[in-house]
Amino acid sequence: MYQILLPQIKPMAGFNDFHNESFRFYEEINDYLDCSTCDYRATSWLIDPSETEENALLIAGELLTLLMGYMQLRNEKSIYNHLRINGIRLLNPNFFNVSRNFDEVQIPNFLLEEIWMSNESKKPNNPRETNNLKRISFDALLYLSKYEIDVYILLKLIAERASWYNLYQIYESLESFTTENNYPYLIEVRKGKEILKVLDPIEEKEKFTKPANNFSIVGLTSRHGYKTIKKPIKISNCFNLEQSQNFVYRHVRRYLQWKLEEFHKSDLFN
């Protein structure tokens, strides 16, 4: 059995959001110490014990990036930062440590759906799993991520460190998802003769998109390269990066909350 090694920090102990076999979280017991060892680990039925180390690292990386996205949503910056610094660390079935940094491993897009489908027959019969999906938790979001492309993409994108480029990707993706899924919290705005349903009024959205798109405002971190500016750009009312992150993440939280509410109305729970 492969074991995913997690950060050895006390905040990890405070989570009750990992209760199913897809990401089974536990603290390794040391019988010689009468106290916590902060030796946190996880296993998953998605990682076959006979899997090669490289494939096991890919699957573990997929699970960990989704977990990082969840920690960003929870505003658990300490755990998020430690997860990213830790990289992907495994104990293989022979209890030899193998690890990679996240930037050393190219995880295929949509790997979760692929491995879930290919291993479905090996999934443990755990009658408690459905109950664990009845509240907003990593368990529930991980379960949704296997077939709800919007949940998967948002968690994967939000797992990246916030940047103007990354935040714009998230917001643009949200605009598509909310329109396609008839998201009930869109607002109506007039554009010429058209009435459009959007996430934000144009003037509010531009507080984020104007700096994100302009090299002359945020420099090398902007979405676009240097351009000669003939007319000064007004920068009043522009969000800084932290304000933009809060602006975008607030939308993501509300959208995922709605997705989970819709999921909980489905036949699975009725």
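Side chains are part of it too, since the values below use all heavy atoms of this structure and drop only hydrogens, waters and symmetry mates.
Within the 4.5 Å cutoff, side-chain heavy atoms of R89 are placed close to those of N97. No side-chain heavy atom of I158 sits less than 4.5 Å from a side-chain heavy atom of N166. For the pair F15 and E76, the minimum side-chain heavy-atom distance is below 4.5 Å. Side chains of T178 and L199 form a contact here, defined as non-hydrogen atoms less than 4.5 Å apart. Residues F18 and R24 form no side-chain contact, since every pair of their non-hydrogen atoms from C-beta on lies 4.5 Å or further apart. Contact check for L196 versus E188: no side-chain heavy atoms found under the 4.5 Å cut-off. Inter-residue side-chain proximity for I4 and R41 is flagged as unmet; no heavy-atom pair is nearer than 4.5 Å. Side-chain contact between N16 and H19: present, with at least one pair of heavy atoms (C-beta onward) separated by less than 4.5 Å.
Shown here for P49 and P93, the closest heavy-atom pair between the two residues is O-CG, 3.4 Å. Residues Y143 and K146 come closest through the heavy atom pair O-CG, 3.0 Å.
Qualifying salt bridge (Lys or Arg N to Asp or Glu O under 4.0 Å) partners for D17, counting only residues two or more places apart in sequence or in other chains: R74, R135. A search for side chain to side chain donor-acceptor pair (under 3.5 Å) contacts involving N101 returns nothing, not counting sequence neighbours. Judged as a salt bridge (Lys or Arg N to Asp or Glu O under 4.0 Å), and not counting sequence neighbours, E172 has no contacts. When the ring pair (Phe, Tyr, Trp, His ring centres under 6.0 Å) test is applied to Y40, the partners found at least two apart in sequence or on another chain are F25. Remark: K205 engages E175 in a side chain to side chain donor-acceptor pair (under 3.5 Å) (not counting sequence neighbours). Scanning for side chain to side chain donor-acceptor pair (under 3.5 Å) contacts around N181 gives D150, Y255, with sequence neighbours left out. Looking at residues two or more places apart in sequence or on another chain, you find a side chain to side chain contact (heavy atoms under 4.5 Å, CB included) between R253 and L73, N75, Y249. Under the salt bridge (Lys or Arg N to Asp or Glu O under 4.0 Å) criterion, E242 pairs with no residue, sequence neighbours left out. For E262, the salt bridge (Lys or Arg N to Asp or Glu O under 4.0 Å) partners two or more places apart in sequence, or in a different chain, are K265.
One side chain, S22 or W45, offers a donor N or O that lies under 3.5 Å from an acceptor on the other. Inspection of the S137 and D139 side chains reveals no N or O donor paired with an N or O acceptor under 3.5 Å. A donor atom on one side chain and an acceptor atom on the other are found under 3.5 Å apart for Q3 and Y26.
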Start with the C-alpha gap between K207 and E204, add the side-chain angles, then the distance that decides, and say whether salt bridge (charged side-chain N to carboxylate O under 4.0 Å, His left out) holds. CA-CA 5 Å; K207 292 180 182 179; E204 187 71 8; 3.2 Å; yes
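Linking ILVMFWY side-chain heavy atoms closer than 4.5 Å, directly or via other members, places F95 and L5 in a single hydrophobic cluster. Note: the hydrophobic cluster containing V189 does not contain L186 (ILVMFWY, side chain heavy atoms under 4.5 Å, direct or indirect links). Follow the hydrophobic side-chain contacts under 4.5 Å out from V151 and you reach I149 in the same cluster.
Annotation: ring pair (Phe, Tyr, Trp, His ring centres under 6.0 Å) contacts involving residues 63-82, sequence neighbours excluded, comprise Y70-F138.
Through side-chain heavy atoms spaced under 4.5 Å, either directly or across other Ile, Leu, Val, Met, Phe, Trp or Tyr residues, L220 is tied to F215, Y226.
Heavy-atom contacts from other residues, nucleotides or ligands closer than 6.0 Å to CD of Q106 number 12 or fewer. Annotation: M117, atom CE; neighbour count of heavy atoms from other residues, nucleotides and ligands within 6.0 Å does not exceed 12. Within 6.0 Å of OH in Y147 there are more than 12 heavy atoms belonging to other residues, nucleotides or ligands.
Salt-bridge annotation for K123 and E21: absent, with no side-chain N of the basic residue lying under 4.0 Å from a carboxylate O of the acidic one.
Checking side-chain atoms of D48 against main-chain N and O of S50 turns up a donor-acceptor pair under 3.5 Å.
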List the atom pairs, donor and acceptor, that lie under 3.5 Å between side-chain atoms in residues 53-68 and the rest of the protein, sequence neighbours left out.
unit_1, atom_1, unit_2, atom_2, d
E53, OE2, N92, ND2, 2.7
E54, OE2, R100, NH2, 2.4
N55, ND2, E51, OE2, 3.2
N55, ND2, T52, OG1, 3.3
E62, OE1, Y152, OH, 3.4
E62, OE1, K156, NZ, 2.6
E62, OE2, L111, N, 3.2
E62, OE2, L112, N, 2.8
E62, OE2, Y152, OH, 2.6
T65, OG1, G61, O, 3.1
T65, OG1, E62, O, 2.9
T65, OG1, K156, NZ, 3.0

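With respect to V248, the side-chain contact (heavy atoms from CB on, under 4.5 Å) criterion is satisfied by exactly one of F239, F208, Y168: F208.
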